[in-house]
Amino acid sequence: MRVGIFFLVLLTVVTAIPAFSDAELTEQARSEVAPLLAQMGAAANRHDVEAHVRFYANDSSVTLIFNGTPIVGWENIRDKQREWWKNGKTDVLYTVQGKPDYRVPAPGVVITTIFMKSRRTMRSGKVSEGEFAVSSIWQRRAEGWRVIYSHESTTH
């Protein structure tokens with residue numbers, strides 16, 4: 001009897017969820033996440049660590065993998081970003097190459113992939129340029145969309 005009631009409740013809940021096509025879900029999620037991705041990039045080009053890491057979930061399980069090295073926890077990501085950007089004193093600039101890719105594997109989850117170039121001056125005075133890719137999993141939370149997992153790696 002309990003199993004029958006469970007399935008009846010499940011059927012009621014599932015049929016009450018509005019039906020959206022994959023294209024509609026993707027477009028809605030893209031329209032919500034795209035401005036955040038742009039704001040995150042703008043914070044990176046200002047070397048504003050606090051503004052940049054605000055887009056990550058502020059918890060101990062959020063993960064950023066950079067060239068195979070995992071950085072786990074919001075505070076650890078923030079501290080590593082401060083190190084990379086020399087406490088905001090770096091001159092690195094990032095430019096997005098092409099259009100970001102958005103995938104919606106489930107409601108409330110968006111995967112973004114962007115290809116970027118960076119340009120910075122090294123201590124020697126030599127200009128260094130690089131290319132890299134960033135794929136991130138965004139989750140809709142009570143506080144809004146946040147990155148819960150990200151993978152960044154150089155491509156050249």
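This is a predicted model, so every value here is computed, not measured.
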Side-chain donor/acceptor of [X] to backbone N/O of [Y], under 3.5 Å:
X: Asp91; Y: Thr121; answer: yes
X: Thr155; Y: Glu131; answer: yes
X: Ser128; Y: Lys126; answer: no
X: His47; Y: Lys89; answer: no

Is atom CZ of Arg103 surrounded by more than 12 heavy atoms (other residues, nucleotides or ligands) closer than 6.0 Å?
no
What are the two closest heavy atoms between [X] and [Y], and how far apart are they?
X: Thr154; Y: Asn67; answer: N-OD1, 2.9 Å
X: Ile77; Y: Thr63; answer: CD1-C, 4.2 Å
X: Leu36; Y: Phe55; answer: O-CE2, 3.7 Å

Heavy-atom side-chain proximity of [X] to [Y] below 4.5 angstrom:
X: Arg30; Y: Val110; value: no
X: Thr112; Y: Pro100; value: no
X: Tyr94; Y: Phe132; value: yes
X: Leu37; Y: Tyr102; value: yes
X: Lys80; Y: Glu83; value: yes
X: Arg141; Y: Asp59; value: yes
X: Met40; Y: Arg54; value: no

Measure the [atom1]-[atom2] distance between [X] and [Y] for me, rounded to the nearest 0.5 Å.
X: Tyr56; Y: Arg146; atom1: OH; atom2: CZ; value: 12.5 Å
X: Asn45; Y: His52; atom1: CG; atom2: NE2; value: 10.5 Å
X: His151; Y: Ile65; atom1: NE2; atom2: CD1; value: 5.5 Å
X: Leu64; Y: Ser136; atom1: CG; atom2: OG; value: 8.0 Å

Hydrophobic cluster identity match, Trp84 and Val147, side-chain contacts under 4.5 Å:
yes
Using the rule that two of Ile, Leu, Val, Met, Phe, Trp, Tyr join whenever any of their side-chain heavy atoms come within less than 4.5 Å, decide whether Val53 and Val72 are in one cluster.
no
